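Atom set for the values below is all heavy atoms of this structure, side chains included, hydrogens, waters and symmetry mates excluded. Since the model is a prediction, treat every value here as computed from it, not as a measurement. Residue numbers run from 1 in the order of the sequence given.
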Amino acid sequence: SDWMVPFGGLLAVALLAGEVAAYSSHLVARASAVRSVAVDSLLEDFSAVSVAAELGVSRQKVYEIARGGARLRDARANRP
């Protein structure tokens with residue numbers, strides 16, 4: 001139970017773990033947004049079936065992923 005001492009004790013470990021979790025969540029959200037935009041763009045040139053095969057997901061999942069990218073792209077286009 002002394003493993004946490006070099007890290008500042010239990011409270012410091014809990015706070016640090018919370019910060020790491022929050023940062024990780026942010027990175028996952030950013031990666032998801034990038035993936036959505038990329039998949040949405042791929043659908044302009046390739047069929048959903050071929051994109052799905054390359055990504056190893058279903059055609060329905062490709063459409064689901066791309067919807068987020070389309071929303072992001074529309075939001076950016078409508079900025080002042």
Side-chain angles (χ1 to χ4, degrees):
S1 291
D2 293 334
W3 64 269
M4 78 300 243
V5 172
F7 302 101
L10 288 176
L11 179 58
V13 168
L15 290 169
L16 180 60
E19 289 298 316
V20 169
Y23 185 66
S24 296
S25 176
H26 172 74
L27 291 177
V28 168
R30 294 289 300 234
S32 178
V34 168
R35 182 183 190 201
S36 291
V37 171
V39 169
D40 184 50
S41 296
L42 282 168
L43 291 177
E44 292 178 4
D45 298 322
F46 303 99
S47 72
V49 172
S50 63
V51 173
E54 289 294 325
L55 295 179
V57 298
S58 70
R59 178 179 51 85
Q60 291 82 1
K61 185 67 175 176
V62 165
Y63 288 127
E64 180 184 320
I65 293 167
R67 266 196 311 272
R71 281 193 302 265
L72 285 170
R73 197 169 4 174
D74 291 345
R76 295 197 82 179
N78 293 328
R79 281 186 181 172

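Taking every heavy atom of both residues into account, A66 and L43 meet most closely at CB-CD1, 3.5 Å. The shortest heavy-atom contact between L72 and A33 is CD1-CB, 3.6 Å.
At distances below 3.5 Å, not a single donor-acceptor pair connects side-chain atoms of S25 with backbone N or O atoms of A21. The backbone N or O of S32 lies less than 3.5 Å from a partner atom in the side chain of S36, making a donor-acceptor pair.
Here E19 pairs with nothing under the salt bridge (Lys or Arg N to Asp or Glu O under 4.0 Å) rule; sequence neighbours left out.
Rounded to the nearest 0.5 angstrom, L42 CG and E44 CD are separated by 9.0 Å. The distance from the CG atom of L10 to the CG atom of L15 is 11.0 Å, given to the nearest 0.5 Å. Atom CZ of R71 is separated from atom CZ of R67 by 7.0 Å, given to the nearest 0.5 angstrom.
Taking hydrophobic clusters as Ile, Leu, Val, Met, Phe, Trp and Tyr residues chained together by side-chain heavy-atom distances below 4.5 Å, V5 shares a cluster with W3. In the hydrophobic cluster analysis, where Ile, Leu, Val, Met, Phe, Trp and Tyr join through side-chain heavy atoms closer than 4.5 angstrom, F46 is grouped apart from V37. Linking ILVMFWY residues whenever their side-chain heavy atoms come closer than 4.5 Å, directly or via other members, places V39 and V57 in the same cluster.
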Pair S41, R73 - check side chain to side chain contact (heavy atoms under 4.5 Å, CB included), show working. CA-CA 10 Å; S41 296; R73 197 169 4 174; 3.8 Å; yes
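The shortest side-chain heavy-atom distance between H26 and R30 falls under the 4.5 Å cut-off.
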